[in-house]
Amino acid sequence: MQGILEIDAAALLRDPDRAIGARAPQLEAAVLRRLGHEPVSRILGQREFYGRVFKVTPGVLDPRPDTETLIDLVLEIVGAEGRHDDALTIADIGCGSGAIIVTLLAALPRAAGVAIDVSPAALAVTRGNAATHGVADRLKTVETRGLCGINDHLDIIVSNPPYIPTGEITGLDAGVRDFDPMLALDGGVDGLQIYREIANNIRALQKPCWICLEIGAGQHDAVERIFEAIGAVARHRRIDLGGHIRAVALKIHC
Ligand code: GLN
């Protein structure tokens, strides 16, 4: 309601009886969409993530607070290694709205990013969000699958890939199932298919690289095993606000 009427919570509290006025039809349309389980962020076309507002379209996953766990993990690793001001190169596989890579570039002043997605529509949203948050000059976007065709030296790979097992998708909350793109949710029969693909790509890397991944609840052991099988070493796990291990970090060629 505040988003549609373009007022803040304080204005609403000060004057709860004010007439809605000319925005009434928009508000009614938004309420009807909400009654159809559409998330507020989709109705407004934007979502706050790690303190910044990101544009979201029907073609990208709606950034979740859970994913902020992955940001914290990457920033802790970079801080612990004393590399906050280094010219790191970070790749984001399946960048969607760009929430992850744009947030990291905004936090790390000399880092450069490679935002990767199979969807050109998602890459366009990432580019827009990168421009909004002043990091477009340090970000390139590449339409590909995994790391196919990427030759940059990478210091950190981040990804929030689709990880929901195909058979569980029909049972998801309607706000997720009916409004997030299937491409961003469906992780194959066991939910782990994209992690296997990423591990296969990473096999070809020659230099030390961190691999920082968002995972589904309960997937930590299985995901770590997939990356340990290509020689990576599991280093960190981070818990989200719901108490689930939501992010893992492994290092390869260390
Ligand atoms: N975190 C999302 C959910 O549980 C799924 C996103 C994903 O598969 N990466 O709805």
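Both ligands and their constituent atoms are indexed starting at 1 by order of listing. Each residue takes its place number in the sequence, starting with 1.
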Peer 1: For atom 10 (O) of ligand 1, what is the nearest protein heavy atom, given as residue, atom name and distance?
Peer 2: R64 NH2, 3.0 Å

Peer 1: Any atoms of ligand 1 less than 4.0 Å from a non-hydrogen atom of E214? List them with their elements.
Peer 2: 1 (N)

Peer 1: Please verify whether a non-hydrogen atom of G191 lies at under 4.0 Å from ligand 1.
Peer 2: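 Judged by the 4.0 Å heavy-atom criterion, G191 does not count as contacting ligand 1.
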
Peer 1: In ligand 1, which numbered atoms sit nearer than 4.0 Å to a non-hydrogen atom of V176?
Peer 2: 10 (O)

Peer 1: Other residues, nucleotides and ligands only: do more than 12 of their heavy atoms fall within 6.0 Å of CG on D15?
Peer 2: yes

Peer 1: Below 4.0 Å from any atom of ligand 1, is there a heavy atom belonging to N160?
Peer 2: yes

Peer 1: Taking atom types as modelled, find out whether D240 and T69 have a side-chain donor-acceptor pair closer than 3.5 angstrom.
Peer 2: no

Peer 1: Taking R42 for the side chain and F179 for the main chain, is one N or O donor matched with an acceptor at less than 3.5 Å?
Peer 2: yes

Peer 1: Closer than 4.0 angstrom, basic N to acidic O: yes or no for E68 and R238?
Peer 2: no

Peer 1: Hey, looking at atom 9 (N) of ligand 1, which of P63, G175, P161 has the closest heavy atom?
Peer 2: P161

Peer 1: Looking only at protein heavy atoms, which one is nearest to atom 4 (O) of ligand 1, and what is the separation?
Peer 2: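 Scanning the protein heavy atoms, the shortest distance from atom 4 (O) of ligand 1 goes to I164 CD1, 3.9 Å.
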
Peer 1: Check the orientation of H133 and F54. Use parallel for under 30°, tilted for 30 to 60°, and perpendicular for over 60°.
Peer 2: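 Ring orientation, 0 to 90° scale: tilted.
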
Peer 1: Just to confirm my output: which protein heavy-atom neighbour is closest to atom 1 (N) of ligand 1, and how far is it?
Peer 2: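 For atom 1 (N) of ligand 1, the nearest protein heavy atom is Y163 OH, 2.9 Å.
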
Peer 1: Under 4.0 Å between a Lys/Arg side-chain N and an Asp/Glu carboxylate O for R64 and D180?
Peer 2: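 Yes, charged N to carboxylate O under 4.0 Å.
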
